[in-house]
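Below is one structure, written out as structure tokens, with a few remarks after it.
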Amino acid sequence: MKIIEKIAGTYESEIIREMDCIYKKIAEDEEAWQNACKFHCADGCGQCCVNFEPEIFDSEALFLAAWLLDNQADTAFALIDGTFSAKPRNSDQECIFFNKDSPYHCTVYNGRCCICRLFGFSGDRGKDGKKRFKPCRFYPESQEPMPFSRRQYTESELTELFGALPPAMSDIMGNVISLTPETPLPRPLREALPLAIRRILFLSQFSHSA
């Protein structure tokens, strides 16, 4: 991202770089899981975004802020001056970047937050520490191939069925939280993001980069 060059050497630039690595690892692990289980979302679904606004950590907010400043600067500035107008939404509790009239729905897809990347294609860990996976409730049962039923599968069952395991959401979120231990609690996206944009712009004013 070009904006990282402007704030090079700062704590924030390192967080953004680390988040980029985390997101790339998520993509790699989810691709391997999808290739093994053949589980894919239906085209144009978007049900996981309806009436849902992500709560995000500072590290996620900084990455999305940097992505917006690089790719949708007008949106970034509109968010901090209060003139941003979200696409048509179902409710005031819905994500400000969800566009129900678009088949792709997310208007900041490449900058999207962790839960948006993980939902549907990650598992969790049980009390025994082993991975588990439950198929998305919006996944159409008629879609093939789908060996799943609507229940939670154990690590041993997943290994037997597919010879692979999904990434664990808790493992990834632990890494995300560790990047900003001074702010361990998430905030609604619409609150956290403008603060992150202002933070990056403030730092960029003092940049000595070319």
Side-chain angles (χ1 to χ4, degrees), residues 1-31 41 44 46 48-49 52-89 94-122 167 172-173 175-183 186-210:
M1 296 182 189
K2 293 180 181 178
I3 192 66
I4 295 181
E5 298 172 9
K6 294 184 178 181
I7 60 171
T10 64
Y11 173 62
E12 287 77 6
S13 69
E14 291 307 309
I15 290 173
I16 295 166
R17 291 183 192 279
E18 288 295 326
M19 284 303 300
D20 187 49
C21 292
I22 288 172
Y23 286 155
K24 287 177 180 175
K25 184 66 164 55
I26 289 173
E28 291 172 1
D29 290 349
E30 289 189 335
E31 182 179 12
C41 292
C48 55
C49 301
F52 172 75
E53 177 177 18
E55 289 197 343
I56 62 176
F57 293 96
D58 277 6
S59 48
E60 299 173 88
L62 285 167
F63 183 92
L64 179 52
W67 186 88
L68 282 170
L69 287 166
D70 266 9
N71 297 278
Q72 296 181 21
D74 289 347
T75 297
F77 285 106
L79 281 164
I80 60 175
D81 67 18
T83 61
F84 177 73
S85 178
K87 299 294 183 182
R89 292 180 287 145
E94 197 162 73
C95 178
I96 58 175
F97 296 120
F98 176 67
N99 181 1
K100 64 180 181 180
D101 295 330
S102 165
Y104 303 106
H105 301 305
C106 181
T107 58
V108 293
Y109 189 78
N110 290 324
R112 69 197 188 284
C113 309
C114 281
I115 186 63
C116 309
R117 296 170 188 262
L118 290 167
F119 185 85
F121 296 106
S122 67
I172 295 162
M173 294 312 300
N175 292 332
V176 170
I177 295 169
S178 72
L179 296 178
T180 53
E182 69 281 4
T183 52
R187 288 173 286 187
L189 181 147
R190 73 184 69 200
E191 294 178 15
L193 185 55
L195 294 174
I197 295 170
R198 290 191 182 97
R199 188 171 167 183
I200 292 175
L201 290 175
F202 175 78
L203 291 170
S204 68
Q205 296 177 35
F206 302 98
S207 170
H208 297 293
S209 301

Margin query: Nearest 0.5 Å, please: how far is CG in Leu203 from CG in Leu62?
Written below: 9.0 Å
Checklist line | Test of ring centre spacing under 6.0 Å for Phe84 and Phe97 | finding: yes
Note to self: Between Asp20 and Ile16 (side chain of the first, backbone of the second, donor and acceptor by atom type, cut-off under 3.5 Å), is there such a pair?
What the structure shows: no
Check: How close do Glu60 and Ile56 get, heavy atom to heavy atom, and via which atoms?
Finding: OE2-CA, 3.5 Å
Notebook entry, point to check: Got a sec: does the OH of Tyr11 have more than 12 other heavy atoms crowding it under 6.0 Å?
Noted result: yes
Notebook entry, point to check: Roughly how far, to the nearest 0.5 Å, is CD1 of Ile96 from CG of Leu189?
Noted result: 5.0 Å
Next item on the list: Look only at the side chain of Arg198 and the backbone of Ile80, and say whether a donor-acceptor pair between them is shorter than 3.5 Å.
Entry: yes
Check: Taking side chain as C-beta onward, heavy atoms only, is Ile115 less than 4.5 Å from Phe52?
Finding: yes
Checklist line | Side chain to side chain, Gln72 and Asp74, heavy atoms closer than 4.5 Å | finding: no
Check: Can any side-chain N or O of Ser102 pair as donor or acceptor with the backbone N or O of Tyr104 at less than 3.5 Å?
Finding: yes
Item checked: Reference residue Phe57; test side chain to side chain contact (heavy atoms under 4.5 Å, CB included); the match among Ser178, Cys113, Pro186 -> Pro186
Margin query: I'd like to know whether Leu79 forms a side chain to side chain contact (heavy atoms under 4.5 Å, CB included) with Leu193, so could you lay out the CA-CA distance, the side-chain angles of the two residues, the decisive distance to 0.1 Å, and finally the verdict.
Written below: CA-CA 8 Å; Leu79 281 164; Leu193 185 55; 3.7 Å; yes
Next item on the list: Report the distance from atom CG of Asn99 to atom SG of Cys49, rounding to the nearest 0.5 Å.
Entry: 11.0 Å
Checklist line | Stepwise side chain to side chain contact (heavy atoms under 4.5 Å, CB included) test for Glu31 and Glu28 | finding: CA-CA 5 Å; Glu31 182 179 12; Glu28 291 172 1; 5.7 Å; no
Check: Do the side chains of Leu179 and Met19 get nearer than 4.5 Å, heavy atoms only?
Finding: yes
Note to self: Tell me whether Asp58 contacts the main-chain N or O of Thr183 through its side chain, where contact means a donor paired with an acceptor under 3.5 Å.
What the structure shows: no
Margin query: Counting C-beta onward and ignoring hydrogens, is there a side-chain heavy-atom pair between Ile172 and Pro167 closer than 4.5 Å?
Written below: yes
Notebook entry, point to check: Got a donor-acceptor contact below 3.5 angstrom from the His105 side chain to the Phe98 backbone?
Noted result: no
Next item on the list: Look up atom CD1 in Ile15 and atom CD1 in Ile22, then write down how far apart they are to the nearest 0.5 Å.
Entry: 10.5 Å
Next item on the list: Keeping the roles fixed (side chain from Glu30, backbone from Lys25), state whether a donor-acceptor pair exists under 3.5 Å.
Entry: no
Margin query: Taking Arg187 first and then Glu55, would you say they form a salt bridge - that is, a charged N and a carboxylate O separated by under 4.0 Å?
Written below: no
Checklist line | Lys/Arg cation over aromatic Phe202: Arg199, 6.0 Å, 45° cone | finding: no
Next item on the list: Any chance you could measure Lys6, atom NZ, to Ser13, atom OG, to the nearest 0.5 Å?
Entry: 14.5 Å
Notebook entry, point to check: Just wondering, do Cys114 and Met173 contact through their side chains at under 4.5 Å, heavy atoms?
Noted result: yes
Notebook entry, point to check: Is the backbone N or O of Ile7 less than 3.5 Å from a side-chain atom of Thr10, with the two atoms forming a donor-acceptor pair by type?
Noted result: yes
Next item on the list: Taking all non-hydrogen atoms of both residues into account, name the closest pair between Ile197 and Ala76 and its distance.
Entry: CD1-O, 3.7 Å
Note to self: Checking Leu201 against Phe77 for the side chain to side chain contact (heavy atoms under 4.5 Å, CB included) test, could you report, in this order, the C-alpha distance in whole Å, the side-chain angles of both residues, the deciding distance, and whether it holds?
What the structure shows: CA-CA 10 Å; Leu201 290 175; Phe77 285 106; 3.7 Å; yes
Notebook entry, point to check: Heavy-atom distance under 4.5 Å between the side chains of Phe63 and Met1, does that happen here?
Noted result: yes
Next item on the list: Check for a donor-acceptor pair, side chain of Glu53 on one end and backbone N or O of Arg190 on the other, with a separation under 3.5 Å.
Entry: yes
Note to self: What's the separation between atom CG in Asp29 and atom CZ in Arg117, rounded to the nearest 0.5 Å?
What the structure shows: 13.5 Å
